[in-house]
Structure formats: structure tokens, C-alpha cells
Amino acid sequence: MIYLDNNATTPLAPEVKTCIFDHINFYANPSSLHALGRKNRQLLDNARQQVAFLLECKPQEIIFTSGGTESNNLAILGSLPNSPGTKNHIITTQVEHPSVLETMKKCESRGWKVTYLPVNKDGELCLSSFTESISPKTFLVSIMYANNETGVIFPVEKIAKIAKEYNALIHVDATQIVGRSAFSASNFDLLTLSGHKFHSLKGVGALYVKTGVRIVPIIHGGKQERNIRSGTENFHNIIAMGQASHLAKTLFLAKISNVKEMRDNLQNFILHNIPNSTINGINSSRLINTMNVSFNGVLGEILVRELSKHKIYISHGSACSSGGRDPSHVLKAMNLDWGLILNAVRFSFSIYNTMQEVELIKKILPQVICKLREIPT
Ligand code: PMP
């Protein structure tokens, strides 16, 4: 089988699997004072250091959560005052993950004014639309590092600099960039991570909270994680994510040029050998593992199912909401023709793919497209 849906979730790295199995019987509560508890506390602290190494920050700036969705909710709801004062404005984009967009709706219902920045036909965020929107009234800017559907990378470093001039907090959803490009959290106030996007387990993530940034909990209880995120720590998931963070900073980045080679090879093949194909976002700076492509006359959903019969696993838009079958809000925001939107599929690679797999896809994909194009819709 060929798995090319790594923006939806990634397979476990073998080193991460070993780490989980090696500690599977470490059941003690890290808050217990006895030796077993203290051992697990040490392992948690070690994982915190590994995540801090990845983000180039201090270990105490890492708060473990249940994943990207919770980290985004915590960053936004936890950083805003209960009710808006004179600084009553938030800036985000139209193409964020639902965990940001739905949280923004909640903020609007509490009286916050939210600006949803548009993107252009290439999926790029125009910096001038940001500078026109920001004002002394802006409290928070929440913008993703890279888009999960198109892979388009946003100029978050430049945005952070401008946000600072207006004394606005900057939150970055870095869920898709880990292990795919080098970056540092230090330019931001808040930054979201999700373990299962970089070869760790599902149900674990982290929020980077820069020293001095005030954040209140959205989950209340036993005061774990500096009283920012209560609940007995998800021990095995956290140590797995620690291990994956170490790999992301070392092994994954070292092998990333292979990933780009595979993506570009398939992309060039499609452009030259499958007529009427469009790579959405091709003119933008993109994640090197991602390709969003529309094959004219072939519904994305049908192509995903057909390739699945050949054990080639890709995705139709995003798998971020259950079912994931609504037309993509990201491609809609790019103002693409309806046909391009409905026909879009996403190939997303990881370091565990191989060139042999790409060669196999190059044999199967044209046949499948040809067959589907012959079927009248
Ligand atoms: N942000 C982005 C950009 C994502 O792609 C995802 C997952 N698809 C999330 C947040 C949510 O992460 P999680 O699945 O860990 O809740």
C-alpha cells in the first residue's frame, strides 16, 4: 500500500513505537510522590525538553494538551479577557482549520470583532490586507504557519513583527510545519503543535506559551501543567511526542529533500502526462510534502475511492471534520472555479514514502484518471 495522506495524519515513526513499547508498563501517575511517580515525572520533563528543543524555547513554555484542536482553543479562548475592552479586535484568515474558525465564532458571540483575511487564487495571504486590518484595537492575531489543504506557507514571521508594533498577541497554528521546515517559536506569543502530524500518537499536542504571556485555563481541575491545563498527564502520548519532536528536529529535516524530490517528481509527471490537470497553489511558497491537484472531469471524492481500490491512499480536501466531504472552504476562499474545487485531491508525502512508490503511482494514476474520464457524469 502507498500512504500519501500525511497531512491528515502520519504513521508512527519506528523510534516512537519503540519508545511507547519500552514504557508501556510505566503506569504511575507522574504527580505521585513515590519512586514510580517521580520516575514518570522525570520522563515527562524529558519530553518537555525535547519539545522545547524542537521549538527553540524554554521547557517551562510548553503546555501539553490533547492535540492541535485543544491547543488552538486554549490559545484563543485562554488569551482573551472575559469581555472585550477597547482592544476588541481579532485578526485571523478565511482558511484556518475549523478549530480556529469555530472558536472565532464563539469569540464573536462574546462581542469580539473578528477580521477574516482573504487569500488570493494561489492561496497566498496578502501582507497588505493584514497591515490594513491591524490597528491599536487588535488584541490577538491567529494565523496558521502552513495550510493543511494546499500546503501554502504564510509570512507569519513578518506578521508577528507587525503585530508586536501594535501590542497585539500573535498565535501561530504550526500543526503542519513540524518536521517539514525548520522554524522557531521564539518570534511568537503562542504556538500550536499536534503530535499525530509528525509521526507520533493521536490525542496529544502542545501549546507554546511565551514567558510573560498571560493565559487562563479552559479546562479546570487538578492544576497540572502550571494550572493552565488540568487533568492527569497523557503520559505515553507525551513521551512519544517528545521522542517525535527530537526526530522532527534531526532525522525528519535531514531527509526532507527526498520528500521534495518525490513530490516534485509526481507533480511534473502529472503536469506533463495527464492533460487538464491543475496544481492548486503551485505559484506559492508551499510545504515541500504537499500537492493539491484538480483533474478536470474527475470528482475528487471518486478519485480517492478509486485509488483506494489500488491501495493508494490520498485525500479529498481535508479530513479535519468528521466525514470531510463538504466542498473545501480553503479552495472556496481562493475563489477557484467550482470544477477545480470539486475535483481537488491532496497528495501529502512523508519521509517514509519512497521513489519506488512514486513510480508505481505514475503507472496507475493515468489509467485511473482515463477510466474515470470515460465514465459520463
Ligand atoms: N490545525 C491544523 C492546520 C490541522 O491540520 C489540524 C489537523 N487536521 C489541526 C489544527 C487539529 O489538530 P488535531 O487533529 O490534533 O486536533
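Each ligand, and each atom within it, is numbered from 1 in the order the structure gives.
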Please tabulate, one pair per line, all N/O donor-acceptor pairs under 3.5 Å involving side-chain atoms of residues 55-64, not counting sequence neighbours.
from	atom 1	to	atom 2	distance (Å)
Glu56	OE1	Ser184	OG	3.4
Glu56	OE2	Lys249	NZ	2.7
Lys58	NZ	Thr211	OG1	3.3
Glu61	OE1	Lys58	N	2.9
Glu61	OE2	Thr211	N	2.9
Glu61	OE2	Thr211	OG1	2.7

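For Val100, no heavy-atom contact with ligand 1 is shorter than 4.0 Å. When non-hydrogen atoms are compared, ligand 1 lies under 4.0 Å from neither the backbone nor the side chain of Lys202. For His196, every heavy-atom contact with ligand 1 shorter than 4.0 Å involves the side chain, none the backbone.
Counting atoms of ligand 1 from 1 in the listed order, those under 4.0 Å from a heavy atom of Ser194 are 12 (O), 13 (P), 15 (O). Interface atoms of ligand 1 facing Asn72, defined by a heavy-atom separation under 4.0 Å, are 1 (N), 10 (C). Per-residue contacts place Asn148 under 4.0 angstrom from the following atoms of ligand 1 (heavy atoms of the residue considered): 3 (C), 5 (O). Distances below 4.0 Å separate heavy atoms of Gly67 from the following atoms of ligand 1: 15 (O). Here is the list of ligand 1 atoms found below 4.0 Å of a heavy atom in Thr69: 11 (C), 12 (O), 13 (P), 16 (O). If you number the atoms of ligand 1 from 1 as listed, the ones under 4.0 Å from a heavy atom of Met144 come out as 3 (C).
Between Phe235 and Phe26, the angle of the ring planes stays under 30°, which puts this pair in the parallel group of the 30/60° scheme.
In the candidate list Gly68, Pro98, Gly203, Ser71, Gly68 is nearest to atom 12 (O) of ligand 1, counting heavy atoms.
Note on Arg346 versus Asp5: salt bridge recorded, some NZ/NE/NH1/NH2 to OD/OE distance being below 4.0 Å. Using a 4.0 Å cut-off between a side-chain N of Lys or Arg and a carboxylate O of Asp or Glu, Lys105 and Glu102 qualify as a salt bridge. Ion pairing between Glu301 and Arg305 holds under the 4.0 Å rule for side-chain N and carboxylate O.
Taking a 4.0 Å cut-off on heavy atoms, Glu70 fails to register as neighbouring ligand 1.
Considering backbone and side-chain N/O atoms, Asp173 comes within less than 3.5 Å of an N/O atom of ligand 1. For a threshold of 3.5 Å applied to N or O pairs, the pair formed by Gln176 and ligand 1 contains at least one separation below that value. At a 3.5 angstrom cut-off on N or O pairs, Ala146 does not count as close to ligand 1.
More than 12 heavy atoms of other residues, nucleotides or ligands shown are found within 6.0 angstrom of NZ on Lys121. Atom NZ of Lys223 has 12 or fewer heavy atoms from other residues, nucleotides or ligands within 6.0 Å.
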Practice task
Evaluate the criterion side-chain hydrogen bond (donor to acceptor under 3.5 Å, both in side chains) for residue pair His171 and Ser79; output intermediate values, then yes/no.
Solution key: CA-CA 10 Å; His171 164 239; Ser79 66; over 6 Å; no
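Aromatic ring centroids of Phe139 and His89 lie 6.0 Å or more apart.
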